[in-house]
Amino acid sequence: MEAAEEQRVQELVQKQITDKSKRSIDLKSKRIHSLNKEYFSGATGNIESVDLCGNFLAALDNDLFQHIFQHLTIINLLSNELTTVPKFDNLPNLRELYLGKNKISSLSNLEGFSQLEVLDLRANKLESVSELTLCPNLTKLSLSSNKLKKLVSLPPLPKLTSLFLFGNYLDDEEDCINALARVPFLETVILSANPVYPLITPKEGPIFMKREEFRRRIIGGLSRLKNLDWQPVNTIRASTTTTTQHSKHDAMDVS
């Protein structure tokens, strides 16, 4: 990084940490290409969140946040140029990590994130997510708009309640149903805009009936499910029951 650019970024950081009462550092959309841990050296241990959304960061040093690690709970790295998950050292209180809209193709470096509760990985290039077994405390996970074709790699995350899978390449009903059944505490699932569950379907006919049966099976396998693709499960149940009754009545008419 050129000296003038380095000074500009350092001044941006220092301006944020001058106020010792602040609990957040806001550096979103500042055209930052790289960061040095020494930029944060004057910060207090009261910092709880760092927002680096909308920059040009392709990599980050392991010890970048060593001066503010004590209470840091949220890091936002949405819309950068990351190709791997940053490997941060010693962030024992980190609970939320936002890595959506980057260029991440694999989930290496998750070893230090066992305490994470919220992980946003939407709009990356992921084809497998087996490494998420290292994050057993996740309650909310976004994998939307990746390159997932199967969910066989999804581990049985014991605390997960919200799972977002919108806009992948999932095309196997049995694979989806089996994978979701391994996450028994799910309350919200977003699965539409996949080949297995098109975003737009006819309101009647074989394709519609197939989708309704698929939704019924998902709901049947998840006793705690409350919302499926932005619809309350109770509404879907009522709709499915009505559709089934109509189908039986039509069959009787035909016979």
Side-chain angles (χ1 to χ4, degrees), residues 9-10 12-14 16-28 30 32 34-55 57-102 104 106-122 124 126 128-143 153-164 183 185-187:
V9 175
Q10 186 169 6
L12 285 172
V13 176
Q14 288 297 314
Q16 286 287 312
I17 66 177
T18 299
D19 184 351
K20 303 301 182 182
S21 65
K22 290 190 68 171
R23 294 187 175 274
S24 63
I25 295 176
D26 184 355
L27 294 169
K28 61 178 176 290
K30 299 296 184 184
I32 298 172
S34 64
L35 286 168
N36 187 306
K37 68 179 180 181
E38 298 306 326
Y39 298 169
F40 298 92
S41 61
T44 68
N46 294 325
I47 300 299
E48 296 176 354
S49 66
V50 175
D51 190 347
L52 289 162
C53 172
N55 286 290
L57 297 166
L60 295 169
D61 292 338
N62 296 11
D63 58 355
L64 179 63
F65 297 118
Q66 72 172 30
H67 296 294
I68 56 173
F69 74 90
Q70 187 174 3
H71 297 290
L72 191 59
T73 59
I74 302 172
I75 298 176
N76 185 355
L77 287 161
L78 279 166
S79 301
N80 276 279
E81 302 291 328
L82 298 170
T83 56
T84 60
V85 176
K87 186 177 181 180
F88 296 129
D89 293 336
N90 196 22
L91 294 178
N93 295 303
L94 190 66
R95 295 294 181 269
E96 300 182 20
L97 181 59
Y98 297 88
L99 296 170
K101 300 182 180 180
N102 277 279
I104 298 171
S106 68
L107 293 180
S108 55
N109 301 331
L110 286 180
E111 292 83 359
F113 296 121
S114 62
Q115 75 285 3
L116 274 184
E117 297 173 0
V118 176
L119 180 56
D120 182 357
L121 290 163
R122 64 190 143 126
N124 278 289
L126 296 171
S128 174
V129 293
S130 58
E131 296 88 346
L132 288 173
T133 190
L134 296 169
C135 302
N137 290 303
L138 286 177
T139 61
K140 184 175 181 179
L141 172 63
S142 179
L143 296 169
S153 65
L154 181 70
L157 299 166
K159 298 182 180 180
L160 195 67
T161 59
S162 297
L163 177 60
F164 301 88
V183 192
F185 293 102
L186 282 172
E187 296 179 359

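In this chain, residues are counted from 1 in sequence order. All figures in this text were calculated on a predicted structure; none of them were measured in a lab.
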**Student:** Quick check: do Thr73 and His71 have side-chain heavy atoms less than 4.5 Å from each other?
**Tutor:**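 Result no, sub-4.5 Å side-chain heavy-atom pair not found.
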**Student:** May I have the step-by-step check of side-chain contact (heavy atoms from CB on, under 4.5 Å) for Val183 and Leu163, ending in yes or no?
**Tutor:** CA-CA 10 Å; Val183 192; Leu163 177 60; 5.5 Å; no
**Student:** Is a side-chain N or O of Glu96 found less than 3.5 angstrom from the main chain of Glu117, in a donor-acceptor match?
**Tutor:**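 No, Glu96 side chain to Glu117 backbone: no donor-acceptor pair under 3.5 Å.
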**Student:** Please check if the number of heavy atoms outside Lys22 that lie under 6.0 Å from its NZ is greater than 12.
**Tutor:**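 Above 12, so yes.
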**Student:** For residues Lys87 and Asn62, is any side-chain donor paired with an opposing acceptor at under 3.5 Å?
**Tutor:**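 Judged by distance alone, the side chains do not pair up.
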**Student:** Is there side-chain contact between Val118 and Tyr98, with heavy atoms separated by less than 4.5 Å?
**Tutor:**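 The answer is yes, as the side chains (C-beta and beyond) meet within the 4.5 Å cut-off.
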**Student:** Could you walk me through whether Val9 and Lys30 pass the side-chain contact (heavy atoms from CB on, under 4.5 Å) check?
**Tutor:** CA-CA 8 Å; Val9 175; Lys30 299 296 184 184; over 6 Å; no
**Student:** Check whether any side-chain heavy atom of Phe113 sits under 4.5 Å from a side-chain heavy atom of Val85, and report yes or no.
**Tutor:**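 In contact.
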**Student:** Considering only heavy atoms from C-beta outward, does the side chain of Phe40 approach that of Val13 to under 4.5 Å?
**Tutor:**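 Yes - at least one pair of side-chain heavy atoms lies under 4.5 Å apart.
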**Student:** Within the structure provided, determine whether Ile47 and Leu72 are in side-chain contact (heavy-atom separation under 4.5 Å).
**Tutor:**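 Yes. Closest side-chain heavy atoms under 4.5 Å.
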**Student:** Measure across Leu57 and Asn80 and return the closest heavy-atom pair with its distance rounded to 0.1 Å.
**Tutor:**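 Shortest heavy-atom contact: N-OD1, 3.1 Å.
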**Student:** Rounded at 0.5 Å granularity, tell me how far CG in Leu35 sits from CD in Gln10.
**Tutor:**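 Rounded to the nearest 0.5 Å, the CG-CD separation comes out at 11.0 Å.
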**Student:** Report the C-alpha separation of Asn93 and Gln115 in whole Å, then their side-chain angles, then the decisive distance to 0.1 Å, and conclude whether the side-chain contact (heavy atoms from CB on, under 4.5 Å) test is met.
**Tutor:** CA-CA 7 Å; Asn93 295 303; Gln115 75 285 3; over 6 Å; no
